[in-house]
Asker: 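Take a look at this one; I'll ask things after.
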Protein chains: 2
Amino acid sequence: MIRVLIADDQRVVREGLTMVLALMKGFEVVGTAADGDEAVTLAEALRPDVVLMDLRMPRCDGIEATRRLRSEVPETKVVVLTTYSDDRSVLDAFRAGARGYLTKDASGAQISEALRQVLDNHAVVDPAVQRHLIDAIATEPTPRSRFPDGLTPREAEVLSLMAGGLSNAEIASHLVVSEGTVKSHINHLFAKIGARDRAQAVTYAFRQGLTEP
Amino acid sequence: MIRVLIADDQRVVREGLTMVLALMKGFEVVGTAADGDEAVTLAEALRPDVVLMDLRMPRCDGIEATRRLRSEVPETKVVVLTTYSDDRSVLDAFRAGARGYLTKDASGAQISEALRQVLDNHAVVDPAVQRHLIDAIATEPTPRSRFPDGLTPREAEVLSLMAGGLSNAEIASHLVVSEGTVKSHINHLFAKIGARDRAQAVTYAFRQGLTEP
DNA sequence: ACGCGTCTCCACCCTCGGGTGGAGACGGGA
DNA sequence: TCCCGTCTCCACCCGAGGGTGGAGACGCGT
């Protein structure tokens, strides 16, 4: 028996889904929530196998609720079931920890099949949103590589410390060299990367992926 | 007639795929390539509708080839067909611009169906790799949201210009206010975000996602 | 042996950035 | 009505940061 929690702000949807799942063998709707907060609270109490989560909800949206569920009730899986399927939503949902993404065009059979798949540790993406997902991935910035331009390892090191918010004096003591040396490295690397001051250098460091957010 | 280019370093795979597609109605294999370089060169000459791309190839791997195809021959779509389905490969492939990802367990029917789907502007993900894709998305760092702490819109604006590498004077003229005002905003926002100097502030801006890499 | 690049250090200069402590104007909420 | 937050501006101070022009030591490749 698969224990399901339904989170959706519209009553008709909650009741409709409850009906649909009642018809399917092997499902039990253990609770319904009308907003994200309630979804999290109920999930903590009821420990369902899976939460069918709408995205657009008052108080705390589905993305946020999913994120919180990930940390509060990690055993419970989340399947998003929503009307919207724009690029951002899809990506955000999976980033937040959802394991499935369905639209409200899905049939009862598709939903129940998706739930089974997810509990079987698969991921489920509605074919209709597949494309959005791939688009979103393709257009997102690719994390950068190695260290670029003519930067020497030492200079890159100084740069990354600088991006960490250290002053010249702090960098110096961190590297156990004089502050003069640090300034020297800094002037060299400024020239190489075309920076005028540390702010620009830090920006460069992030864009090049030398520093992890 | 769908015109296909096959890129794989193993001869048996190239010939096997050619056979399989020959059996399917509506496909024509217009060429085969044994490495990424050749794939790009042939695609430029033959302008196929789609490239079936292996990932592991000598000289220039499938990811790199896909990336180059995106910019050189944008009309040609890329479908990855490979043995490996680890998290990174999948994500990298889509980032590079692939529209489909199949494993070599796929049947001829599945492959041909996938090609049709992709040419119909859908994205195709082999169910077996679906999970890797979602995992990879979930474990990647999430770009941050709105603007946080007690930052006023104006302060956030100043911060983001600062992160863009502008000096106080430049920020001032950009916002059409005096430099003193900019300093004032800056001092306020430093206090709010706990920064000591602009380097730390820029770092903060990136980590909070106020500035796009 | 020689040259090259990197890392280290020094001294000097001066600007820009950061800190302090104000103050006036506007708008919205209590 | 008054208060509070935001945005604007000012004056003054000072030190860290950025720019210049060196120089010596080490390691590496030719």
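Throughout, a chain's letter reflects where its sequence line sits, starting with A, and its residues are numbered from 1.
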Asker: Less than 4.0 angstrom from a charged side-chain N to a carboxylate O is my criterion; do Lys104(A) and Asp54(A) meet it?
Answerer: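 Judged by the 4.0 Å cut-off on N to carboxylate O distance, Lys104(A) and Asp54(A) do form a salt bridge.
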Asker: I want to confirm an ordering. Mapping Leu166(A) and Lys183(B) to their closest nucleotides on DNA chain D, which one lands closer to the 5' end?
Answerer: Lys183(B)
Asker: Counting only side-chain N and O atoms of Arg154(B), is one of them less than 4.0 Å from OP1 or OP2 of dT8(D)?
Answerer: yes
Asker: Whether Asp8(A) and Arg56(A) form a salt bridge (side-chain N of Lys/Arg under 4.0 Å from carboxylate O of Asp/Glu) is what I want to check.
Answerer: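 Result for this pair is no, no salt bridge flagged.
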Asker: Taking atom P of dC9(C) as reference, at what distance in whole Å does atom CG of Asn168(A) sit?
Answerer: 14 Å
Asker: Thinking salt bridges, do Arg68(B) and Asp37(B) make one under a 4.0 Å N-O criterion?
Answerer: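 Salt bridge: yes.
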Asker: Kindly say if Asn187(B) contacts the phosphate of dG19(C), meaning a side-chain N or O under 4.0 Å from OP1 or OP2.
Answerer: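 Indeed, a polar side-chain atom of Asn187(B) lies that close.
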Asker: Just to be sure I understand the rule, does Ser167(A) reach a base, reach only the sugar-phosphate, or reach nothing, if contact means heavy atoms closer than 4.0 Å?
Answerer: sugar-phosphate
Asker: Does the pair Glu15(A)/Arg11(A) count as a salt bridge with the N-to-O cut at 4.0 Å?
Answerer: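 Salt bridge: yes.
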Asker: Calculate the interatomic distance between His188(B) atom NE2 and dT6(D) atom C1'; express it in whole Å.
Answerer: 10 Å
Asker: Quick one: Ile193(A) CD1 to dG18(D) P, roughly how many Å, whole number?
Answerer: 11 Å
Asker: Measure the distance from CD on Glu155(B) to C1' on dC7(D) and round it to the nearest whole Å.
Answerer: 10 Å
Asker: Heavy-atom nearest nucleotide on DNA chain D for Glu179(A) versus Val176(B): which residue maps closer to 5'?
Answerer: Val176(B)
Asker: Could you check how far CG of Asp197(B) sits from P of dG18(D), rounded to whole Å?
Answerer: 9 Å
Asker: Do any side-chain nitrogens or oxygens of Thr152(B) fall under 4.0 Å of OP1 or OP2 in dC7(D)?
Answerer: yes
Asker: Taking the minimum atom-to-atom distance to the side chain of Pro153(B), which one of dC7(D), dT8(D), dC9(C) wins?
Answerer: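 Taking heavy atoms from C-beta onward, the closest nucleotide is dC7(D).
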Asker: I need the CZ-C1' distance between Arg198(A) and dC16(C), as an integer number of Å.
Answerer: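 Rounded to the whole Å, the gap is 13 Å.
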Asker: If the cut-off is 4.0 Å, is Thr181(A) near the phosphate of dC9(C), judged by side-chain N/O to OP1 or OP2?
Answerer: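 For Thr181(A), the contact criterion (side-chain N or O under 4.0 Å from OP1 or OP2 of dC9(C)) is met.
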Asker: Salt-bridge test for Arg196(B) and Glu170(A): reply yes if a basic N is under 4.0 Å from a carboxylate O, no otherwise.
Answerer: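 Salt bridge: yes.
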Asker: Expressed as a whole number of angstroms, how long is the span from Ile186(B):CD1 to dC16(C):C1'?
Answerer: 11 Å
Asker: Grab the CG-C1' distance between Leu189(B) and dG5(D) for me, whole Å please.
Answerer: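 About 16 Å, once rounded to whole Å.
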